[in-house]
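Taking it in order: structure first as structure tokens, then the write-up.
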Amino acid sequence: MQRFLFAIIFGLGGLAILLWLGVWQVQRLAWKEDLLDQIEARIGEAPQPLGAALAARADRYSPVKTGGAFAEGHVRMLASRKTIGPVFRIIRPFEADGVGRILVDTGWLPDGASLPPVPPTTLVLVGNLDTPNEADSFTPAPDLDRNIWFARDVPALAEALGTQEIFVVLRETPTESLGVTPWPVNTAGIPNDHLQYAITWFSLAALWVSMTAFFMWRTRRAQPES
């Protein structure tokens with residue numbers, strides 16, 4: 001009887017914990033989906049002038065627009081596009097009116113394609129502020145000889161291109177072609193694994209019940225008949 005009581009208490013306690021973890025992940029899933037919807041809505045809002053956005057301390061994904069001209073120089077960041085394969089993000093310095101020199105992620109270029117020179121004219125850019133933090137301790141150092149970078153490390157890029165640490169990702173092609181395809185910001189890079197986590201915890205709860213029932217069955221069979 002004591003072994004049965006222990007199995008019941010232990011089984012119910014473990015089941016309660018696993019079910020609580022599963023329900024918590026379901027709640028986190030609803031929170032994350034609402035957050036992603038808010039970010040997507042913010043990304044598509046009407047852009048405001050870059051200077052005003054910076055003065056108002058606009059946060060990540062805020063849509064902005066600015067006039068100015070591209071300066072010489074660029075950085076190629078190795079990336080990958082689904083169904084296409086290796087590509088390069090092209091990041092250039094841009095002299096923004098009233099703000100100064102900033103970083104602009106102009107879009108992607110297929111591996112092996114040539115990059116045309118920057119347009120000599122003044123342009124109006126429309127994009128979104130971003131603060132990508134893709135570099136970590138495992139990220140290789142940039143191959144400066146071949147101008148290949150492996151992460152959008154804003155401080156390092158700003159130092160390399162002589163700009164402020166202000167990063168704008170184009171969402172529209174300007175009037176003058178830059179020779180690249182825009183790669184606008186979106187929520188695809190924001191992880192949302194809560195559904196998988198919830199399934200895992202609920203599956204473990206079902207397994208826990210099965211193991212507890214099996215243990216009780218084995219215990220009962222092992223008892224001598226009176």
Side-chain angles (χ1 to χ4, degrees), residues 32-71 73-82 84 86-109 115 118 123-140 142 147-174 178-193:
K32 180 60 72 67
E33 288 179 341
D34 181 63
L35 177 64
L36 294 176
D37 289 341
Q38 293 180 35
I39 292 175
E40 286 286 0
R42 189 193 318 164
I43 289 172
E45 290 176 351
Q48 59 178 320
L50 177 60
L54 295 174
R57 299 185 181 275
D59 55 4
R60 190 176 189 182
Y61 306 120
S62 296
V64 294
K65 64 180 178 181
T66 181
F70 282 102
H74 69 276
V75 158
R76 302 190 307 159
M77 198 210 82
L78 185 63
S80 178
R81 294 286 288 180
K82 200 171 185 180
I84 295 175
V87 298
F88 286 102
R89 283 185 180 269
I90 305 300
I91 301 168
R92 294 186 181 273
F94 185 79
E95 198 69 43
D97 295 342
V99 175
R101 188 169 290 200
I102 65 171
L103 295 164
V104 175
D105 186 333
T106 60
W108 62 272
L109 186 72
L115 181 67
V118 295
L123 302 172
V124 175
L125 304 184
V126 176
N128 295 81
L129 290 173
D130 201 359
T131 53
N133 185 20
E134 300 169 344
D136 57 28
S137 57
F138 299 100
T139 304
N147 190 19
I148 298 178
W149 292 56
F150 302 97
R152 291 181 297 173
D153 184 341
V154 174
L157 288 168
E159 182 178 357
L161 294 175
T163 72
Q164 303 174 71
E165 294 181 14
I166 300 172
F167 195 84
V168 174
V169 180
L170 288 189
R171 76 180 191 190
E172 298 178 8
T173 301
L178 302 177
V180 297
T181 303
W183 193 342
V185 297
N186 55 43
T187 58
I190 301 176
N192 184 16
D193 301 323

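Keep in mind it's a predicted model, so treat the numbers as computed, not measured.
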Got [X] and [Y] here, is their nearest side-chain heavy-atom distance under 4.5 Å?
| X | Y | answer |
| --- | --- | --- |
| Leu78 | Phe88 | yes |
| Ile90 | Arg76 | yes |
| Val126 | Arg171 | yes |
| Val104 | Phe70 | yes |
| Asp153 | Thr139 | no |
| Val180 | Leu115 | yes |

Nearest 0.5 Å, please: how far is [atom2] in [Y] from [atom1] in [X]?
| X | Y | atom1 | atom2 | answer |
| --- | --- | --- | --- | --- |
| Thr106 | Phe94 | OG1 | CZ | 11.5 Å |
| Asn186 | Tyr61 | CG | OH | 8.5 Å |
| Ile43 | Leu129 | CD1 | CG | 11.5 Å |
| Leu109 | Leu178 | CG | CG | 11.0 Å |
| Leu54 | Gln48 | CG | CD | 9.0 Å |

Minimum heavy-atom separation for [X] to [Y], with atom names?
| X | Y | value |
| --- | --- | --- |
| Arg81 | Trp108 | NE-NE1, 3.7 Å |
| Leu157 | Arg152 | CD1-CA, 4.0 Å |
| Gly73 | Leu161 | C-CD2, 4.4 Å |
| Ile102 | Leu50 | CD1-CD2, 3.8 Å |
| Arg42 | Pro63 | O-CD, 3.4 Å |
| Arg101 | Gly162 | CD-O, 3.1 Å |

- Do side-chain atoms of Asn147 reach the backbone of His74 as a donor and acceptor pair under 3.5 angstrom? yes
Just distance, no hydrogens or angles: give the donor-acceptor pairs under 3.5 Å from side chains in residues 163-170, sequence neighbours left out.
from	atom 1	to	atom 2	distance (Å)
Gln164	NE2	Val99	O	2.8

- Give a yes or no on this: more than 12 heavy atoms of other residues, nucleotides or ligands lie within 6.0 Å of atom NZ of Lys32. yes
- Got a sec, which residues hit side chain to side chain donor-acceptor pair (under 3.5 Å) with Glu40, two or more places apart in sequence or on another chain? Thr187
- Message: Between Ile91 and Trp149, does the side chain to side chain contact (heavy atoms under 4.5 Å, CB included) criterion hold? Intermediate values first, please.
- Response: CA-CA 10 Å; Ile91 301 168; Trp149 292 56; over 6 Å; no
- Message: Which residues pass the salt bridge (charged side-chain N to carboxylate O under 4.0 Å, His left out) test with Asp130, not counting sequence neighbours?
- Response: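 By the salt bridge (charged side-chain N to carboxylate O under 4.0 Å, His left out) rule, Asp130 matches Arg60.
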